[in-house]
Amino acid sequence: MKNKEITQRINVLHQLIERKQLEEEEPIDPFSRSLYEFFKEMAELDKDGIVAFHEQSVDDDGKPIGTLEGTREFVKTWAQEYERAKKDGVYRRLGIETDSLP
């Protein structure tokens with residue numbers, strides 16, 4: 001086995017142990033988990049995704065809720081929450097991959 005493979009295995013085991021320790025310290029309830037997943041979804045939206053999200057945000061009569069600029073601010077706010085939670089290690093604890101996001 002090469003050193004690189006050994007190092008990768010050690011890193012994976014370390015992450016699993018760390019996640020288990022964090023879960024035991026402070027479990028995350030299903031509602032909070034769904035919020036963190038929502039934050040991540042907002043962070044993943046590009047310009048076209050924000051427009052699509054805005055177009056899907058309608059009231060019972062099918063009228064748009066708010067403005068496109070308001071939707072951009074909404075997404076920006078929740079994307080910032082994603083960054084905060086990412087720094088706090090929440091996604092690592094949840095086992096949610098974040099490396100692919102900016």
Side-chain angles (χ1 to χ4, degrees):
M1 198 177 293
K2 297 179 182 176
N3 285 341
K4 185 176 181 181
E5 291 173 0
I6 293 171
T7 301
Q8 288 174 336
R9 286 184 181 207
I10 290 171
N11 287 336
V12 168
L13 289 172
H14 180 263
Q15 289 172 357
L16 290 172
I17 291 168
E18 187 177 61
R19 187 179 318 140
K20 185 66 177 171
Q21 288 173 337
L22 289 171
E23 286 173 0
E24 290 173 0
E25 291 174 10
E26 187 178 331
I28 296 176
D29 63 275
F31 178 73
S32 296
R33 181 184 179 90
S34 68
L35 280 176
Y36 291 123
E37 289 170 350
F38 177 73
F39 298 163
K40 183 176 182 269
E41 288 175 23
M42 293 296 102
E44 292 173 332
L45 291 177
D46 60 9
K47 289 179 182 182
D48 293 335
I50 292 171
V51 171
F53 180 70
H54 173 71
E55 290 172 351
Q56 294 173 4
S57 302
V58 295
D59 63 18
D60 292 337
D61 297 326
K63 296 177 185 175
I65 298 174
T67 64
L68 180 57
E69 185 56 35
T71 300
R72 286 186 182 113
E73 285 299 313
F74 176 85
V75 169
K76 180 181 175 184
T77 298
W78 293 114
Q80 290 170 341
E81 286 299 314
Y82 161 78
E83 288 300 325
R84 183 195 54 74
K86 185 177 170 183
K87 286 179 185 174
D88 290 345
V90 171
Y91 293 96
R92 186 179 67 251
R93 290 175 47 209
L94 292 170
I96 297 174
E97 181 64 41
T98 59
D99 292 338
S100 62
L101 296 175

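Keep in mind that what you see is a predicted model, and the values were worked out from it rather than measured. Just the heavy atoms: all of them, side chains too, but no hydrogens, waters or symmetry mates, feed the values below.
- Under the rule for a side chain to side chain contact (heavy atoms under 4.5 Å, CB included), the partners of Glu81 that lie at least two apart in sequence or sit in another chain are Phe39, Trp78, Arg84.
- With sequence neighbours excluded, the residues forming a side chain to side chain contact (heavy atoms under 4.5 Å, CB included) with Asp61 are Asp59, Lys63, listed by chain and number.
- Ala79 and Ala43 get closest at one heavy-atom pair: CB-CA, 3.8 Å.
- The two atoms that bring Lys40 and Tyr82 nearest to each other are CA-CD1, 3.7 Å, heavy atoms only.
- Judged as a side chain to side chain donor-acceptor pair (under 3.5 Å), the pairs with a partner in residues 46-56 (not counting sequence neighbours) are, in order, His54-Thr71.
- Listed by first and then second residue, the salt bridge (Lys or Arg N to Asp or Glu O under 4.0 Å) pairs involving residues 66-78 are Glu69-Arg72 (not counting sequence neighbours).
- Both Phe38 and Leu45 are part of a single hydrophobic cluster, where members link through side-chain heavy atoms under 4.5 Å apart.
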